[in-house]
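What follows is a short report on a single structure.
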There are 2 protein chains.
Amino acid sequence: MRDFFLLPRFSLFLPFFVVVFFFYFYAFQKERRTKMNGSVNNVEKPNKYFDKKDKADFLYHFGFGVDTLDIPAVFGDTKFVCTGGSPGRFKLYAEWFAKEANIPCSENLSRSDRFVIYKTGPICWINHGMGTPSLSIMLVESFKLMHHAGVKNPTFIRLGTSGGIGVPPGTVVVSTGAMNAELGDTYVQIIAGKRIERPTQLDSAVREALVEVGNEKNIPVETGKTMCADDFYEGQMRLDGYFCDYEEEDKYAFLRKLNGLGVKNIEMESTCFASFTCRAGFPSAIVCVTLLNRMDGDQVQIPKEKYIEYEARPFHLVTAYIRKVTGI
Amino acid sequence: MRDFFLLPRFSLFLPFFVVVFFFYFYAFQKERRTKMNGSVNNVEKPNKYFDKKDKADFLYHFGFGVDTLDIPAVFGDTKFVCTGGSPGRFKLYAEWFAKEANIPCSENLSRSDRFVIYKTGPICWINHGMGTPSLSIMLVESFKLMHHAGVKNPTFIRLGTSGGIGVPPGTVVVSTGAMNAELGDTYVQIIAGKRIERPTQLDSAVREALVEVGNEKNIPVETGKTMCADDFYEGQMRLDGYFCDYEEEDKYAFLRKLNGLGVKNIEMESTCFASFTCRAGFPSAIVCVTLLNRMDGDQVQIPKEKYIEYEARPFHLVTAYIRKVTGI
């Protein structure tokens, strides 16, 4: 008789339990998707309009399109896309790599003066200018380039310069994540007048492999968060800009705050780079050398020969890793 | 007896009236300061730290400083700084101007590969790359350059390309103001983790003079608001990017909304350009040719010879204005 009453009483709660179960399952799955490093689960569906318009697509800032260049023939074997701000440095990096690996270096393949593009075997060297807007153009057109070339899953690595926080000049920071100027771990976009925030994960496997190579090659490597500012002067609390309506102590308080949050360096592209490569499902890493310790000053004051040596460190680290992985 | 009682009763309200009067006076003055076009009242005080550190100042992204170049000798006679995105176009503009005015064109005066700098008489031609972060660096270092050169009150003009909204390709838009991606008439900066918004006024006298010259020279000129996006693809609701998680109808709804707000074109630098020149107290104007009507498509599809003609229109307009003003 007791059993007879228990069952209906319990069954009244059944729908409630089912709802709770599905809610937890959904929340857990969502969190898992968000937290996975370089997770393939985050990959966005292809742009349905882009696929329709595919045949006539022109990469405006690269100066060529599917109608004007045999993209699969030139870029079809790509495995790595290395990128960074300066056009001159990326020409030099491509030439150095070709010489080291004893393979040919292409001419500048860009047909516009907005970016330079070099190719050495399966590695593309493309500069991205300064700041996330310029980088976003270069990344979108590089992703379209890889799509047209039929390249599956290329690895993107940003090799840059940065201002260090609490690390000596010359340290190579391999980023664990990218933080925006509002101190959130997202990339903020404004689309159709609305604010959209997306995660800024980076691939942990590529990062760990890079750190290992750094240790093997005696390159001073550290891991830590990278803060992405939208300008070089006020956005990084420099005191040597034209405008400065804050005080010296505000600058140090801000740098100490960043340091407390695990930030090792500041540059101007990391959030967009991490977010876009993550959305596309491409493994990626950010490798920036620090040219100064911002706790000591705002201007780069290392001797020229040191500057040249430091500027080459991300190249030495990343190419040693690429040569180890590809056997080139 | 009645008078005796009236006075004290009235005097009880006196402090209240005084407060209201000062509040209105302050609010009115503030609004006046904000609304004045290119108002000198907005000019910020010089950076106190910069003045202290003046002697050793190095313009990092121009590759020279007060110790490595006689800045007053080279830049002391500057009256106009013309700027725009592409380095190649600005080399060409400088060479064209020198030829037209029959004066010499300098070599590239930049000692870094981040920007190019040419000089033809009292006009500097400096490119700024793509997006507000890159422009902000160029402007801060140009303002510092003018300061070191002893130049008072230079005029800054941005000559760019843009996507038009509801105007035919080839139209030269002289901006009446700059609107950010969130549709506010401000430039948004994040400084020390905090959001700061500043007005984006442009000089009405320079604008009117440019429109007048356009009419004299039969260049198709329009005035209207310019929207500043932080990227070329999603930020401008293009359908031909790698990512696109909105629908075609969302794009048109957004463009119609902008059109309704008086926006004639979209580019990627106007808010920062207007805000920084206004803060420095320098007269400024934005002159962008439209390369397409975004209501008709997303890719630039004009024939090469038309493209070259359109790209030269801001040059023809601005240099006719400068030659008229300077008598060169």
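Only the side chain of A:Leu291 comes within less than 4.5 Å of a heavy atom in chain B; its backbone stays farther off. Heavy atoms closer than 4.5 Å to chain A are found in both the backbone and the side chain of B:Ser86. Interface residue B:Arg89: backbone and side-chain heavy atoms are both found under 4.5 Å from chain A. Contact of A:Phe58 with chain B is made through backbone and side chain together, with heavy-atom distances under 4.5 Å. At a 4.5 Å heavy-atom cutoff, the contact between A:Glu247 and chain B is made by backbone and side-chain atoms alike. Heavy-atom distances place the side chain of A:Val300, and not its backbone, under 4.5 Å from chain B. Residue B:Asp250: no heavy atom, backbone or side chain, is found under 4.5 Å from chain A. When heavy atoms are compared at a cutoff of 4.5 Å, A:Glu182 approaches chain B by way of both its backbone and its side chain. Heavy atoms closer than 4.5 Å to chain A are found nowhere in B:Leu145, neither backbone nor side chain.
For A:Asp185 and A:Lys225, the salt-bridge test passes: some basic side-chain N is under 4.0 Å from an acidic carboxylate O. Electrostatic pairing of A:Lys251 and A:Glu234 does not count as a salt bridge here, judged by no charged N lying under 4.0 Å from a carboxylate O. Salt-bridge formation is not detected for the pair A:Glu311/A:Lys304: no Lys NZ or Arg NE/NH1/NH2 atom is positioned less than 4.0 Å from an Asp or Glu carboxylate oxygen.
In terms of non-hydrogen atom pairs under 4.5 Å with chain A, the most contact-rich of B:Ile191, B:Asp231, B:Ile196 is B:Ile191. For chain A, the option among B:Ala229, B:Ser134, B:Pro133 with the highest count of heavy-atom pairs below 4.5 Å is B:Pro133. Among the candidates A:Ala192, A:Ala280, A:Ser112, A:Gly88, the residue making the largest number of heavy-atom pairs closer than 4.5 Å to chain B is A:Ala192. Of all the listed residues (B:Gly85, B:Gly184, B:Cys272, B:Pro87), the one sharing the greatest number of non-hydrogen pairs under 4.5 Å with chain A is B:Pro87. Across A:Gly131, A:Gly241, A:Ala253, A:Gly129, the residue that shares the most heavy-atom pairs under 4.5 angstrom with chain B is A:Gly241. Between chain A and the options B:Asn127, B:Leu139, B:Asp245, B:Leu255, heavy-atom pairs under 4.5 Å are most frequent for B:Asp245. If you tally non-hydrogen atom pairs under 4.5 Å between each of B:Ile137, B:Leu183, B:Thr132 and chain A, the highest count goes to B:Ile137. Taking A:Arg114, A:Met237, A:Met227 one by one and counting their heavy-atom pairs under 4.5 Å with chain B, the maximum is reached by A:Arg114. Interface check for chain A: of the options B:Lys194, B:Lys257, B:Glu141, the most heavy-atom pairs under 4.5 Å are formed by B:Glu141.
Within the 4.5 Å cutoff, side-chain heavy atoms of A:Tyr93 are placed close to those of A:Leu159.
Donor-acceptor pairing under 3.5 Å is lacking for the side chains of B:Ser270 and B:Thr226. With hydrogens and angles left out, the side-chain atoms of A:Asp230 and B:Gln189 include no donor and acceptor closer than 3.5 Å.
Taking CZ of A:Phe115 as the reference point, atom CG of A:Asn108 lies at 12.0 Å (rounded to 0.5 Å). Rounding to the nearest 0.5 angstrom, the gap separating the CZ atom in B:Phe232 from the CE atom in A:Met138 is 16.0 Å.
Between the A:Thr83 side chain and the A:Ile126 main chain, a donor and an acceptor come within less than 3.5 Å of each other.
Note: A:Phe143 and A:Phe282 meet the aromatic proximity criterion, with ring centroids under 6.0 Å apart. Aromatic ring centres of A:Phe254 and A:Tyr246 lie farther apart than the 6.0 Å criterion allows.
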